[in-house]
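Here the structure is laid out as structure tokens; the discussion comes afterwards.
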Amino acid sequence: CTVRNGTKNSRYTIKAHINNRPVEMQVQARIPLFSRSYNWRDWKGRFFFKTDQLDVAKALAKRSSIVRQGFGSVSLWADFDHMHVSKIAADVALNSLHLQLQDNLNPLQAKDVRAQLEGSYKNKTLALKASKLTYQVPSGPKTGPLEIGLTLAVNEDTMKATGGSFTCS
């Protein structure tokens, strides 16, 4: 564990092994200059997480039932301000990935999945993007690189989409 404090910035780094897998976590935070309190709820900064051996299906089990299998490396960055995440970015390299979009459909299967993922929410707009996406389906050729984007206008009262756009290239 490493802690570096400055007059306005702090950095906390933890390198550990969880279930015999190497994990690195880091928080870089700006502390309000004239604050008498070091209340972490007031911080603005960036969170970083990295592991080379993540079981993505297990990590997302409580949040999503779509990912049924996925194992590989993940680096994740999340920008935050006063306990609110404003942007998330991730680099993923998965050996295999199985997605179950609906129970009545066959699962989507791919191997050697790589992508740079981004997500942000600002001014009632949710933006999601996958760039440099490459993958290979069983007994098929390698596909990519692709870029896929989704932008949705969101009603903040109902948290439902009211419009948007989809791009793929």
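Values reported hereafter were calculated over all heavy atoms of this structure, with side chains retained and with hydrogens, waters and symmetry mates removed. Small disclaimer: the values here were computed from a predicted structure and weren't measured.
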**Prompt:** Does one hydrophobic cluster hold both L128 and L117, with members joined at side-chain heavy-atom distances below 4.5 Å?
**Reply:** yes
**Message:** To the nearest 0.5 Å, what is the distance between CE on M25 and CD1 on I14?
**Reply:** 5.0 Å
**Asked** Under 3.5 Å, is there a donor-acceptor pair between the T13 and Q26 side chains?
**Response** yes
**Item:** Donor-acceptor contact below 3.5 Å, side chain T143 vs main chain Q136
**Value:** no
**Asked** Roughly how far, to the nearest 0.5 Å, is CG of L105 from CG of L99?
**Response** 12.0 Å
**Message:** I'd like to check R114 versus K132 (side-chain heavy atoms, cut-off strictly below 4.5 Å). Are they in contact?
**Reply:** no
**Item:** Minimal non-hydrogen separation, A59 against L54, with atom names
**Value:** CB-CD1, 4.2 Å
**Item:** side chain to side chain contact (heavy atoms under 4.5 Å, CB included), paired with Q116, selected from S131, S75, P145
**Value:** S131
**Request:** Check C168 against I148 and note the closest heavy-atom contact, atom names and distance.
**Result:** SG-CG1, 4.0 Å
**Request:** For N104, look at atom CG and say whether over 12 heavy atoms of other residues, nucleotides or ligands are found less than 6.0 Å away.
**Result:** yes
**Message:** Can a donor-acceptor pair be found, under 3.5 Å and without considering hydrogens, that links the side chain of Q53 to the backbone of F71?
**Reply:** no
**Prompt:** Where do Q28 and F80 come nearest, in terms of heavy atoms and distance?
**Reply:** O-CZ, 4.1 Å
**Taking every non-hydrogen atom, the tightest pair across A115 and L133** = CB-CD1, 3.8 Å
**Beyond-backbone contact of T151 with T125, side-chain heavy atoms, under 4.5 angstrom** = yes
**Request:** Might you point out which heavy atoms bring V67 and A57 nearest each other, and give the distance in Å?
**Result:** O-CB, 3.7 Å
**Prompt:** W77 and V27: same hydrophobic cluster, using ILVMFWY side-chain contacts below 4.5 Å?
**Reply:** no
**Prompt:** Which distance, rounded to the nearest 0.5 Å, do you find between the CZ of R68 and the CG of L101?
**Reply:** 9.5 Å
**Prompt:** So do Y135 and L146 actually touch side chain to side chain, heavy atoms under 4.5 Å?
**Reply:** yes
**Item:** Nearest-0.5 Å distance, CG of residue D55 to CD of residue Q69
**Value:** 8.5 Å
**Prompt:** So how far is it from E118 CD to D91 CG, rounded to the nearest 0.5 Å?
**Reply:** 9.5 Å
**Asked** Are any side-chain N or O atoms of T134 and backbone N or O atoms of G144, one a donor and one an acceptor, separated by less than 3.5 Å?
**Response** no
**Asked** Which pair of heavy atoms, one from I88 and one from A78, lies closest together, and at what distance?
**Response** CG1-CB, 4.2 Å
**Message:** Can you tell me how far apart CD (E24) and OG1 (T51) are? Round to the nearest 0.5 Å.
**Reply:** 10.0 Å
**Request:** Identify whether Y121 and L152 are in the same connected component of the hydrophobic contact network (ILVMFWY, side-chain heavy atoms under 4.5 Å).
**Result:** yes
